Amino acid sequence: MTSQITSNIIRVASVPSDQIYIRHLESCHGQPRPQILRLPDPVPARGPRSGQSPWWPPVMLSAPWVRDHRDSFDLMHVHFGFDALDPQQLRETMAELRRWGKPLVYTVHDLINPHQPDSAAHLALLDVLITGADELITLTDGAAAAIAAQWGRQAHVLPHPHVLDFAVMERIRQSREKQRAQDPQRLRRVGVHLKGLRANISPAILEPLARIVAEIPNVVLQVNIHRQVLDPDSSEYREELARLLTGGQLEGKWELVSHEYFSHNELCEYFASLDVNVLPYQFGTHSGWLEAALDAGTAVVVPLCGQYAGQHPSLAAYRWNADQVEEESLRAAVRRQVGLAFIPGMGAAERQEQREALAEAHQRIYSTLLGRRKTLPQTGSSAAGAR
């Protein structure tokens, strides 16, 4: 494959490529022109591969890969995975991109890494990426303002695309409409998912949430967690938390459900079973989880930290005071969402329109960058010889 750019195709080294957010940046109704071709994720040759993200650690984010594959892509777009590198490795990769005249787009999903209790390592990487990228994208106005304040860079604000498939989304939302019409006094379900108890998830929300739910008639609290956290034979076992969760279930404070990682279909059905989902996050920035919940018409309660509250106007927010939940703010948020008179989120048709707009916006950003590059002197023998 040559490095010649035509009017029909832009080849993107996407980091990663096979991830639901990135897949849903593609047009549903035929590709825009020029067509966007995202290269498939190379199989990691070494390092601890992730079962949930088989592309990790990302091979493309290395200076040798850029050098060896410079004729196979036109620009690089980084989303996730750069935490596999240290700042110097990232600088070397970016220097190699510049050497061969390959623009870099970075979508700022996380200003704070939800998996890391100490934000210093992530911020050091952001200092390299945000200052060095040719164009920045982020998901909310609040995140764009934070980027401008800290790094003096302007970011395009493009919202998170849908997570659920359109047909599934429509089926679940129509079912909700029917339930509301037929049984306005139905039992409603508030859910909180502790997942694998990653760094930003706190079980400190459970007791106050249980008290709040107990005050509201016809409402039950469901607590989900990955099975490994409750399994004494697992390296992820948390004895104290296991006692808290099983004890709360025995006392009737909540229903406890432990399970393996959800498949995509299981995730859809989980959200379909809930009326309200509460995010137990003490820090972070944006959430694909809440987008999936909104696709299913599930009302969402979010923390006021990060930029979660800016992702959709239907969200209700509560506060953390250090390691403790501000209970009155949580009470107001839960009561608001339990009593919501409409199904939140966008329907399938609106989400489809949004996806088309996102595809066109990315195409414009890529085309503008590549058009700008054509007017600049190129470095590197391959870039010079191809243009």
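It should be emphasised that the depicted structure is a prediction, and the values quoted were computed from it without experimental measurement.
The distance between the ring centers of Tyr21 and His160 falls below 6.0 angstrom. His362 and His156 have their aromatic ring centers separated by at least 6.0 angstrom. Taking the six-membered ring for Trp and the full ring otherwise, His226 and Phe262 have centroids separated by 6.0 Å or more. Less than 6.0 angstrom separates the ring centroid of His162 from the ring centroid of Phe166.
Applying the side-chain contact (heavy atoms from CB on, under 4.5 Å) test to Arg153 and every residue at least two apart in sequence or in another chain returns Ile130, Leu136, Ile147, Trp151.
Using a cut-off of 4.0 Å between Lys/Arg side-chain N and Asp/Glu carboxylate O, Arg173 and Glu170 are scored as not salt-bridged. Between Glu215 and Arg335 there is a salt bridge, since a side-chain N of the basic residue sits under 4.0 Å from a carboxylate O of the acidic one. Comment: Arg351 engages Asp295 in a salt bridge, judged by a side-chain N to carboxylate O separation of less than 4.0 angstrom. Between Asp134 and Arg372 there is no salt bridge, since no side-chain nitrogen of the basic residue lies less than 4.0 Å from a carboxylate oxygen of the acidic one. A salt bridge does not link Arg243 to Glu251: none of the charged side-chain nitrogens sits closer than 4.0 Å to a carboxylate oxygen. A salt bridge links Arg38 to Glu26: one of the charged nitrogens lies within less than 4.0 Å of a carboxylate oxygen. For the pair Glu255 and Arg189, the salt-bridge criterion is met [side-chain N within less than 4.0 Å of a carboxylate O]. A salt bridge links Arg331 and Glu328; the closest N-O separation between the charged side-chain nitrogens and carboxylate oxygens is under 4.0 Å.
Glu356 and Ser27 are linked by a side-chain donor-acceptor pair at a separation below 3.5 angstrom, with hydrogens and angles left out of the test. Looking at Gln179 and Arg176, their side chains never bring a donor and an acceptor atom within 3.5 Å of each other. With no hydrogens or angles considered, no side-chain donor-acceptor pair links Asp71 and Trp100 at under 3.5 Å. In this model, no donor atom of one side chain and acceptor atom of the other lie less than 3.5 Å apart for Gln89 and Thr93. For the residue pair Gln352 / His29, a side-chain donor-acceptor distance below 3.5 Å is found, with atom types taken as modelled. A side-chain donor from one of Glu260 and Gln228 sits under 3.5 Å from a side-chain acceptor of the other. Side-chain contact check for Tyr366 and His77: at least one donor-acceptor pair (N or O, by modelled atom type) lies under 3.5 Å. In this model, a donor atom of one side chain and an acceptor atom of the other lie less than 3.5 Å apart for Asn224 and Gln222. Side chains of His286 and Gln311: no donor on one and acceptor on the other come within 3.5 Å.
In the hydrophobic clustering, Leu304 connects to no other residue, as no ILVMFWY side-chain heavy atoms lie under 4.5 Å from its own. With a 4.5 Å cut-off between side-chain heavy atoms of Ile, Leu, Val, Met, Phe, Trp and Tyr, the cluster of Met346 takes in none.
Between Tyr270 and Trp289, the angle of the ring planes lies from 30° to 60°, which puts this pair in the tilted group.
Enclosure of atom CZ in Arg67 by more than 12 non-hydrogen atoms of other residues, nucleotides or ligands within 6.0 angstrom is indicated. In this structure, Gln88 places its CD atom where more than 12 heavy-atom neighbours from other residues, nucleotides or ligands lie under 6.0 Å away.
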Which is it for Glu269 and Arg171 under the salt bridge (Lys or Arg N to Asp or Glu O under 4.0 Å) test, yes or no, and what are the steps along the way? CA-CA 11 Å; Glu269 295 312 312; Arg171 171 179 62 80; 2.8 Å; yes
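Within the cation-pi definition used here (under 6.0 Å to the ring centroid, within 45° of the axis), Arg198 qualifies as a partner of Tyr281.
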